[in-house]
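First up is the structure itself, then whatever we jot down about it.
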Amino acid sequence: MELVYFLFTIAAEILIVSFTLVAAWAIYYDLSNSEIPPGVEQPGKLRILHCLMVIVCFLGKIFERLGFCSEINFIRYTQDGKSLQEDPKLFIKDLQFEEVPVRVYQPRAPSVRRRRGIIYLHGGGWMFGSINSYDRVCRYFARESESVVVSVGYRLAPEHKYPSQFRDCLTASVHFMRTAEDYGVDSACVIISGDSVGGTLAAVVCQALVSRPNFPKPLAQILIYPGLQAIDFYLPSYQQNCAVPLLYREHVIGCCLKYLEKDFSVLENVMEGTHVPLDVKQKCGRWVNPDNIPEEFKARGYKPHLPTSYSDEVYEAAKVAFETTFSPLLAEESIVSQLPLSYILTCEYDVLRDDGLLYKKRLEDSGVPVTWYHVKDGFHGVISLFDFGILSFRSGKKAMDDIVNFLKSL
């Protein structure tokens, strides 16, 4: 018995020492690789959050090498959480819309008229995120805006290849719009929304829906810090925020390559723009151009990127990224001009900030009304932290409330 106790004590001490070393390494990694500008809300809290994320990724690598589980599945497990308890103000059901998992949130209070419907597409770099991990966000939108919310659990990469995620989101959206009245929703009052890559998917789904003849258009689209192009990774926000947590510039390109099943060896070349042929530059330069970014967003430092030599090899590896189902900012004018009322949220300390600003300008130039909310002290992912215990951020709550106010105005 004493031997068992002794061995248990030794094992516990090894675990404590190991975790301490991992934590120390995470802090060192954060301090060495990240840059948190002084204008970010609660920079110390953001640094703690980033360290925790680094620890999770590092443990995931260890568990993968030990054969316990893959790194991706471990990260998903830590993010997924569990479904919350019943909500006194909402009916909540897990359903399938033509084999696509969804969770439907319906206000319990009776309504004299049909409600608005919100389709929500979660973020997570195409590989992470789930209905559970966005449960708090969707409950809040449903409760505070008194709307029916449909959270879509689209299939994730790399198990499911591009463009499976878009197809799932489009399938779920079409199904809901056709059956909206079954959920007490006015079919003319459906909003497509999402954050991060969910914002990308929302933009793509909206473009697909307005292209369908004899099909009702969405009432509006809500794009929360979306990624919308893969042409220029030297826009001002990519330069200024290249190492600001929770999303680095290299992480954006790495996620794109992994999602598209491309070799990571071209990452640096793609970052430099050697994958963009002259004809694409000429066509899309009207829309993806730092000159379209207001000067106020260049004040923190911006240097025009010198032209780089084109490579056929890199183009062949990355050309799928020019498809509008991946880069909706590049859509034809005939599509963009049909898009509905739009809400775009950007964060100052986010590499994707300028994608949102460029799409805002493009939509406005095409006659589409745009409501824009800029989180001056925010960073990528902040809305998911609006109600995150001691790691909550006030700017996330303000952003959520602004979205709710927009929804109520529709």
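- Between Phe176 and Phe97, the ring-plane angle classifies as parallel under the 30° and 60° cut-offs.
- For the side-chain hydrogen bond (donor to acceptor under 3.5 Å, both in side chains) condition, the pairs that include at least one residue of residues 385-396, sequence neighbours left out, are Glu41-Ser395.
- Applying the side-chain hydrogen bond (donor to acceptor under 3.5 Å, both in side chains) rule to pairs touching residues 211-228 yields Gln221-Ser342, sequence neighbours excluded.
- Under a 4.0 Å N-O distance rule, the pair Glu295/Lys298 qualifies as a salt bridge.
- At distances below 3.5 Å, at least one donor-acceptor pair connects side-chain atoms of Asn292 with backbone N or O atoms of Arg286.
- The closest donor-acceptor contact from the side chain of Thr179 to the backbone of Asp182 lies at 3.5 Å or more, if one exists at all.
- In terms of modelled atom types and a separation under 3.5 Å, the side chain of Asp350 and the main chain of Asn241 share no donor-acceptor contact.
- Residues forming a salt bridge (Lys or Arg N to Asp or Glu O under 4.0 Å) with Lys361 (at least two apart in sequence, or on another chain): Asp365.
- Evaluation of the ring-ring contact (aromatic ring centres under 6.0 Å, His included) test over residues 339-371, restricted to residues two or more places apart or in two chains, returns Tyr343-Phe406.
- Closest approach of Pro340 and Leu219 over heavy atoms only: CB-O, 3.5 Å.
- With a 4.5 Å cut-off on side-chain heavy atoms, Ser327 and Leu228 do not count as touching.
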Atom pairs and distances, donor-acceptor, side-chain atoms in residues 112-127, under 3.5 Å, two or more places apart:
{"unit_1": "Arg114", "atom_1": "NH1", "unit_2": "Glu181", "atom_2": "O", "d": "3.2"}
{"unit_1": "Arg115", "atom_1": "NH1", "unit_2": "Glu146", "atom_2": "O", "d": "3.3"}
{"unit_1": "Arg115", "atom_1": "NH2", "unit_2": "Ala109", "atom_2": "O", "d": "2.3"}
{"unit_1": "Arg116", "atom_1": "NE", "unit_2": "Leu407", "atom_2": "O", "d": "3.1"}
{"unit_1": "Arg116", "atom_1": "NH1", "unit_2": "Ser145", "atom_2": "O", "d": "2.6"}
{"unit_1": "Arg116", "atom_1": "NH1", "unit_2": "Ser147", "atom_2": "OG", "d": "3.1"}
{"unit_1": "Arg116", "atom_1": "NH2", "unit_2": "Leu407", "atom_2": "O", "d": "3.3"}
{"unit_1": "Tyr120", "atom_1": "OH", "unit_2": "Asp195", "atom_2": "OD1", "d": "2.8"}
{"unit_1": "His122", "atom_1": "ND1", "unit_2": "Tyr154", "atom_2": "OH", "d": "3.4"}

Side-chain donor/acceptor pairs under 3.5 Å, residues 264-280, sequence neighbours excluded:
{"unit_1": "Ser265", "atom_1": "OG", "unit_2": "Asp263", "atom_2": "OD1", "d": "3.0"}
{"unit_1": "Glu272", "atom_1": "OE1", "unit_2": "His305", "atom_2": "NE2", "d": "3.4"}
{"unit_1": "Glu272", "atom_1": "OE2", "unit_2": "Tyr234", "atom_2": "OH", "d": "2.7"}
{"unit_1": "Thr274", "atom_1": "OG1", "unit_2": "Asn269", "atom_2": "O", "d": "3.0"}
{"unit_1": "His275", "atom_1": "NE2", "unit_2": "Ala230", "atom_2": "O", "d": "2.8"}

